[in-house]
*Asks:* 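Here it is, the structure in full.
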Amino acid sequence: NSIIVVPNGADIERYTKCFEIRTRFRSQEPIAVFLGDLNWRYHKLDSFIEALRLLLDEGIKIYLKVIGTGRLLPKLQKLTMKLGLEDQVKFYGYLEFKDLLHEMGTSTFAIVGRPAINNMWIKTSIRLTTCEYLACGLPILAYGPPNSYTEHFIRKHNVGIYIQSDQPQAIMKVMSQELHVLMNICPDDIRNVASRYHWDSLMDTLANRINNII
């Protein structure tokens, strides 16, 4: 009871323009966005791309924007071509911040992937990018190990869908049934959750705690 956890957050004011774009943007087609460092396999973005092919075979077309660069980028591009998804998956590489805000704002949901392995770091951590997505008003599609903090966070705040697997078949099955859930979460509700994790509020908590100890 003497421990207070101050979570990661984001400067949500930096993403106000993105949120404004998001609230005006209307699309009948689902557009996913991924933002991250493509030097790391733990994002499991390949699983989502493979799931896109399975969904397309079922008559469900989802577009994907991949923002970021790294050593895995060529492999992901090659996988996309192999699966015949060039018209659905677009790779942007590195973007200037103003361009980043536009591309995230003109998306309908965001991707957070983790490997479904018994790794305590993965289970107990949450990507900082999650808070940035929420600041833009983007619902989250996340997948990874069961009983993770990411799962707890998404379910607690009702900001998206969590899939307890990183396997393409599992992602496809849930998406085919619950895509409408992501498409109908209100951006204002998501932004309200993001405001709870605004750096100013979090640092007030930290400063007050330190002051009480002193």
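Residue numbers count from 1 along this sequence.
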*Asks:* Please find the pair of heavy atoms, one from Leu101 and one from Tyr15, that lie closest to each other, and give the distance.
*Replies:* CD2-CD2, 3.7 Å
*Asks:* Membership question, hydrophobic clusters at under 4.5 Å side-chain separation (ILVMFWY): are Val66 and Met175 in the same one?
*Replies:* yes
*Asks:* Considering only heavy atoms from C-beta outward, does the side chain of Leu134 approach that of Phe153 to under 4.5 Å?
*Replies:* yes
*Asks:* Nearest 0.5 angstrom please: Arg191 CZ to Thr16 OG1, how far?
*Replies:* 4.0 Å
*Asks:* In this structure, is the centre-to-centre distance between the rings of Phe91 and Phe34 below 6.0 Å?
*Replies:* no
*Asks:* Check whether any side-chain heavy atom of Arg41 lies under 4.5 Å from a side-chain heavy atom of Pro115, and answer yes or no.
*Replies:* no
*Asks:* For residues 137-146, please give each side-chain donor-acceptor pair under 3.5 Å, one per line with the distance, not counting sequence neighbours.
*Replies:*
from, atom 1, to, atom 2, distance (Å)
Tyr143, OH, Lys44, O, 2.9

*Asks:* Does Leu85 belong to the same Ile/Leu/Val/Met/Phe/Trp/Tyr cluster as Met81, with side-chain heavy atoms less than 4.5 Å apart forming each link?
*Replies:* no
*Asks:* Let me confirm one number: the CG-NE2 distance from Leu182 to His180, rounded to the nearest 0.5 Å.
*Replies:* 9.5 Å
*Asks:* Check whether any side-chain heavy atom of Phe19 sits under 4.5 Å from a side-chain heavy atom of Asp188, and report yes or no.
*Replies:* yes
*Asks:* What pair of heavy atoms forms the shortest contact from Gly105 to Cys18, and how long is it?
*Replies:* N-SG, 3.5 Å
*Asks:* Tell me, do Lys65 and Thr106 make a side-chain contact under 4.5 Å, heavy atoms counted?
*Replies:* yes
*Asks:* Check whether any side-chain heavy atom of Ser125 lies under 4.5 Å from a side-chain heavy atom of Arg114, and answer yes or no.
*Replies:* yes
*Asks:* Any carboxylate oxygen within less than 4.0 angstrom of a Lys/Arg side-chain nitrogen, looking at Arg127 and Asp37?
*Replies:* no
*Asks:* Would you check if the side chain of Asp166 reaches a backbone N or O of Ala116 as a donor-acceptor pair within less than 3.5 Å?
*Replies:* yes
*Asks:* Between Thr108 and Ile31, is there a donor-acceptor pair closer than 3.5 Å when you use the side chain of the first and the backbone of the second?
*Replies:* yes
*Asks:* For the NZ atom on Lys173, are there more than 12 heavy atoms of other groups (residues, nucleotides or ligands in this structure) within a distance under 6.0 Å?
*Replies:* no
*Asks:* Taking all atoms of both residues into account, what is the closest heavy-atom pair of Met104 and Cys136, and its distance?
*Replies:* CE-SG, 3.8 Å
*Asks:* Got Lys61 and Gln88 here, is their nearest side-chain heavy-atom distance under 4.5 Å?
*Replies:* yes
*Asks:* Spell out, yes or no, whether Phe109 and Val181 are grouped together once hydrophobic residues are joined by side-chain heavy atoms under 4.5 Å, including indirect joins.
*Replies:* yes
*Asks:* Give a yes or no on whether the backbone of Ala207 and the side-chain of Asn211 come within a donor-acceptor separation of less than 3.5 Å.
*Replies:* no
*Asks:* Verify side chain to side chain contact (heavy atoms under 4.5 Å, CB included) between Tyr133 and Val112, making sure each step is shown before the conclusion.
*Replies:* CA-CA 10 Å; Tyr133 288 151; Val112 175; 3.7 Å; yes
*Asks:* Applying a strict under-4.5 Å side-chain criterion to I, L, V, M, F, W and Y, I'd like to know whether Leu38 and Tyr42 cluster together.
*Replies:* no
*Asks:* Go through Asp46 and Leu76 one step at a time and tell me if the side chain to side chain contact (heavy atoms under 4.5 Å, CB included) criterion holds.
*Replies:* CA-CA 6 Å; Asp46 54 335; Leu76 294 171; 4.0 Å; yes
*Asks:* Going only through I, L, V, M, F, W and Y residues with side-chain contacts under 4.5 Å, is there a path from Tyr63 to Ile67?
*Replies:* no
*Asks:* Hey, could you give me the OH/OG1 distance between Tyr94 and Thr69, rounded to the nearest 0.5 Å?
*Replies:* 11.5 Å
*Asks:* For Arg22 and Arg26, which heavy atoms make the closest approach, and how far apart are they?
*Replies:* O-NH1, 4.3 Å
*Asks:* Could you state the interatomic distance from CG (Leu72) to NE2 (His43), rounded to the nearest 0.5 Å?
*Replies:* 8.5 Å
*Asks:* Taking the side chain as every heavy atom from C-beta outward, state whether Gln77 and Leu73 have any pair of such atoms under 4.5 Å apart.
*Replies:* yes
*Asks:* Walk me through whether Glu103 and Val33 qualify under side chain to side chain contact (heavy atoms under 4.5 Å, CB included).
*Replies:* CA-CA 8 Å; Glu103 294 304 333; Val33 62; 5.7 Å; no
*Asks:* State, yes or no, whether a side-chain contact exists between Thr130 and Thr150 at a heavy-atom distance under 4.5 Å.
*Replies:* no
*Asks:* Within this structure, what is the CD1-CG distance for the pair Ile62 and Leu179, rounded to the nearest 0.5 Å?
*Replies:* 5.0 Å
*Asks:* Could you state the interatomic distance from CD1 (Ile122) to CE (Met120), rounded to the nearest 0.5 Å?
*Replies:* 11.5 Å
*Asks:* Restricting to non-hydrogen atoms, name the atom on Leu35 and the atom on Glu132 that form the minimum distance, rounded to 0.1 Å.
*Replies:* CD2-OE1, 4.4 Å
*Asks:* Show the numbers, then the answer: is there a side chain to side chain contact (heavy atoms under 4.5 Å, CB included) between Glu58 and Ser176?
*Replies:* CA-CA 8 Å; Glu58 296 294 322; Ser176 65; 5.8 Å; no
*Asks:* If only atom types and distance count, is the side chain of Ser201 paired as donor or acceptor with the main-chain N or O of Tyr197 below 3.5 Å?
*Replies:* no
*Asks:* Testing the basics here: between Leu54 and Met172, what is the closest heavy-atom pair and its distance to 0.1 Å?
*Replies:* CB-CG, 3.6 Å
*Asks:* In terms of side-chain heavy atoms, does Tyr162 have a donor or acceptor partner in Ser148 at a distance below 3.5 Å?
*Replies:* yes
